[in-house]
Undergrad: 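I'd like to ask some things about the structure below.
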Amino acid sequence: MLDPQLLRNDLERVTSALARRGYHLDMESYAALEARRKSIQVRTEELQNLRNVRSKSIGQAKARGEDIEPLLAEVAQIGEDLKQARQELDGIRAELEHMRLDMPNLPAEDLPDGADEDDNREVRRWGEPGQFDFEPRDHVELGSLLGGIDFDAAARLAGSRFAVLGGGVARLHRALAQFMLDLHTREHGYREMYVPYLVLESAMRGTGQLPKFGEDAFAFDGDPERYLIPTAEVPLTNLVADQIVEADRLPLKLVAHTPCFRREAGAYGKDTRGMIRQHQFDKVEMVQITTPADSQACHEALTGHAEAVLRALELPYRVMLLCTGDTGFSAARTYDLEVWLPGQQAYREISSCSTFTDFQARRMQARWRNPDTGKPELVHTINGSGLAVGRTLVAVLENGQQRDGSVRVPEVLRPWMGGLETLQPEST
RNA sequence: GGAGGGGUGGCAGAGUGGUUGAAUGCACCGGUCUUGAAAACCGGCAAGGGUUAGCGCCCUUCGUGGGUUCAAAUCCCACCCCCUCCGCCA
């Protein structure tokens, strides 16, 4: 959520900043609503003050044994006026709140302008796409040769956009998650966390998935309503919701391996082949909670931590700075890591690393105590995949494939694979 | 699921209808003292919001939401969460 003060004092700047990312803020109606809010709030508070003062004097008059009847009548009238004023104020507030919840974060200054992914800017790349002296297969074919990915079985169990993994492929999937978790905890200083996969509406609202993107999430009716997490970002980041974190604990660096669940409502016909886009996938997620002064450096560092996974796995990738139009709702700046997939002859997103400035923190009321001021101030939040396990599995299969359909296991994974060097096609 | 207890400021913990936004302690920040530090003593110290050029003034907040009342941390109702014991269970 954007700073209401900023919206009051610098509405034009906010409006033009939001326009950069294709969001139209109706300045006139916001300003008009804000003006009404101001006058009615002042009136409401005046009435409240009046009532408080009178009530107090009733107590005093009563103590002196005076007649309080006239006072009572007066206060009753004030109460009526107050009730009306407050009702009006609540309505306006709700409207303003509604408008603010709809507004995306302000894009960072240095983002390239643009409408969609075509305008993203490549920042750097690492590794060379491997050359094959045969036609490289995609992971669907490889998975079937290896006898390790079964989409038909998954469809019978759960419908479309699920996968069943088996044997060496299932183990490889587990090895990847274990490796990532160990890398981030041992080398990058993250604290491993285990978190709920079902969360309340308030948590989803805190990180920005709700109220705007409800159709993307799986929800459970019930009392209370709960949501399957679309990413561990939600439980991890909301760990500091309504908290005041002491300065010496920052930055908080958290990592968790969880399943993620997404409706993929707007993705009919997109990536229907294979396990690129599933309703359920595993992800290792990194989150940092920092001070405003450190957040940019932390964002760069976290992106580097995600890249370290790809390097260790010897997977060629590039880093894209997303343009204003492609940057997510809550983010101020996002780097996407795209891994080379020989089966598609394309770079595909495998990690998304974002800084949210105080946007999520304001929604969550997540603060830290600034030693310089002694006051609680909003933290900055950052997160990134390190990495999406399913897509990493796809990348390892496709990049490590050999002519006979066997797949080389990256060296760093072998400790979790019982030393296995290659996955072999099933002979059946 | 059954029985009981409890949710108050950064933390601990008083407070059962009217100068209580809230005693006290700890933590924190100033000062005195000291060669320095500690201790001791003195003072300050909740958050959110509104308004103001500023000093300030005002409003809201004692788990959440309703209600009673001129007036609620205090009374009533519903809900949520935590703790103890019993039952059940991975």
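Keep in mind that the numbers below use all heavy atoms, side chains included, and drop hydrogens, waters and symmetry copies. Proteins come first, then strands; the chains are lettered A, B, ... in the order of their sequence lines, and each starts at number 1.
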Undergrad: To the nearest 0.5 Å, tell me how far A:Glu88 CD sits from A:Gln41 CD.
TA: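 Between A:Glu88 CD and A:Gln41 CD, I get 12.5 Å after rounding to 0.5 Å.
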
Undergrad: Roughly, in whole Å, what's the span from CG in A:Leu72 to C1' in B:U68?
TA: 15 Å

Undergrad: Under 3.5 Å for both donor-acceptor distances, Watson-Crick or wobble: does B:G43 have a partner, and if so which one?
TA: B:C29

Undergrad: Can you tell me how far C1' of B:U51 sits from CG of A:Leu89, to the nearest Å?
TA: 14 Å

Undergrad: When the ring planes of A:His188 and A:His305 are compared, do they come out parallel, tilted or perpendicular, using 30° and 60° as the limits?
TA: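 Parallel: the ring planes of A:His188 and A:His305 meet at under 30°.
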
Undergrad: For B:U84, which nucleotide in any strand shown is its Watson-Crick or wobble partner with both distances under 3.5 Å?
TA: B:A3

Undergrad: Is A:Lys56 close enough to B:A71 that one of its side-chain N or O atoms is under 4.0 Å from OP1 or OP2 there?
TA: no

Undergrad: On RNA chain B, compare the nucleotides closest to A:Glu46 and A:Gln41; which residue's is nearer the 5' end?
TA: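 Result of the comparison: A:Gln41.
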
Undergrad: Can you tell me the base-pairing partner of B:U68? Count Watson-Crick or G-U wobble geometry only, both distances below 3.5 Å, and say none if there is no partner.
TA: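 Check on B:U68: unpaired, no WC or wobble geometry under 3.5 Å.
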
Undergrad: With a cut-off of less than 4.0 Å, is there a side-chain N or O of A:Asn52 near OP1 or OP2 of B:C59?
TA: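 So the side chain of A:Asn52 is within the cut-off, an N or O lying under 4.0 Å from OP1 or OP2 of B:C59.
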
Undergrad: Would you measure the distance from the P atom in B:G31 across to the matching atom in B:G49 and give it in whole Å?
TA: 30 Å

Undergrad: Quick check for you: among B:C70, B:C58, B:A47, whose closest atom lies nearest to any side-chain atom of A:Lys375?
TA: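 That would be B:A47.
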
Undergrad: Output the rounded distance in Å from CD1 (A:Ile244) to P (B:C28).
TA: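 About 17 Å, once rounded to whole Å.
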
Undergrad: Among B:A71, B:A47, B:G49, find the nucleotide with the atom closest to the side chain of A:Ser55.
TA: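 Looking only at heavy atoms from C-beta outward on A:Ser55, the closest nucleotide is B:A71.
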
Undergrad: Mind checking the P distance from B:U20 to B:U69? Whole angstroms is fine.
TA: 26 Å

Undergrad: Output all residues satisfying side chain to side chain contact (heavy atoms under 4.5 Å, CB included) with A:Glu300, sequence neighbours left out; order by chain, then residue number.
TA: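 By the side chain to side chain contact (heavy atoms under 4.5 Å, CB included) rule, A:Glu300 matches A:Tyr335.
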
Undergrad: Can you check the A:Glu45 CD to B:G56 P distance for me, whole Å?
TA: 19 Å

Undergrad: Considering only side-chain heavy atoms of A:Lys38, which listed nucleotide, B:C70, B:U51, B:G49, is closest?
TA: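 Of the candidates, B:U51 comes closest.
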
Undergrad: When the P atoms of B:C76 and B:G18 are compared, how many Å lie between them, rounded to an integer?
TA: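 Those two atoms are separated by 16 Å.
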
Undergrad: Taking the side chain as every heavy atom from C-beta outward, state whether A:Leu250 and A:Asp294 have any atom pair closer than 4.5 Å.
TA: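 A:Leu250 does not reach A:Asp294 side chain to side chain.
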
Undergrad: Considering only the C1' atoms, how many Å lie between B:G36 and B:G44, rounded to the nearest integer?
TA: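 To the nearest whole Å, 25 Å.
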
Undergrad: Main chain of A:Pro112, side chain of A:Asp119: is a donor-acceptor contact present, judged purely on distance under 3.5 Å?
TA: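 Checked: no pair found.
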
Undergrad: I want to check one thing: is the phosphate of B:C59, taken as OP1 and OP2, less than 4.0 Å away from some side-chain N or O of A:Asn49?
TA: yes

Undergrad: Separation of A:Gln77 atom CD from B:A71 atom C1', in whole Å?
TA: 18 Å

Undergrad: Can you tell me how far C1' in B:C59 sits from the matching atom in B:G2, rounded to whole Å?
TA: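 Their C1' atoms lie roughly 45 Å apart.
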
Undergrad: Write down the distance separating the P atoms in B:G21 and B:C62, rounded off to the nearest Å.
TA: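 Between the two P atoms, the distance is 12 Å.
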
Undergrad: Between B:A27 and B:A46, how far apart are the C1' atoms? Round to whole Å, please.
TA: 14 Å

Undergrad: Could you give the distance separating B:C89 and B:G5 at their P atoms, to the nearest angstrom?
TA: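 Here B:G5 and B:C89 have their P atoms 28 Å from each other.
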
Undergrad: Between A:Glu377 (CD) and B:G48 (P), how many Å, whole number?
TA: 10 Å

Undergrad: I want to check one thing: is the phosphate of B:G48, taken as OP1 and OP2, less than 4.0 Å away from some side-chain N or O of A:Arg367?
TA: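 For B:G48, OP1/OP2 do have a side-chain N/O of A:Arg367 under 4.0 Å.
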
Undergrad: Contact class for A:Pro376 vs. all strands (heavy atom < 4.0 Å): base, sugar-phosphate, or nothing?
TA: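 Counting heavy atoms under 4.0 Å across all strands, the contact made by A:Pro376 is with sugar-phosphate only.
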
Undergrad: Taking only the side-chain heavy atoms of A:Arg51 (C-beta and beyond), determine which of B:G10, B:C58, B:U60 contains the nearest atom.
TA: B:U60

Undergrad: Nearest-Å distance, CG (A:Asp248) to P (B:A27)?
TA: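 Rounded to whole Å, this separation is 16 Å.
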
Undergrad: Starting at CZ of A:Arg369 and ending at C1' of B:G9, how long is that distance when rounded to a whole Å?
TA: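 Taking CZ of A:Arg369 and C1' of B:G9, I get 10 Å after rounding.
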
Undergrad: Hey, which of A:Lys253, A:Gln288, A:His184 is the one that makes side-chain hydrogen bond (donor to acceptor under 3.5 Å, both in side chains) with A:Tyr190?
TA: A:Gln288

Undergrad: Before we go on, tell me: are the rings of A:Tyr197 and A:Phe261 under 6.0 Å apart, centre to centre?
TA: no

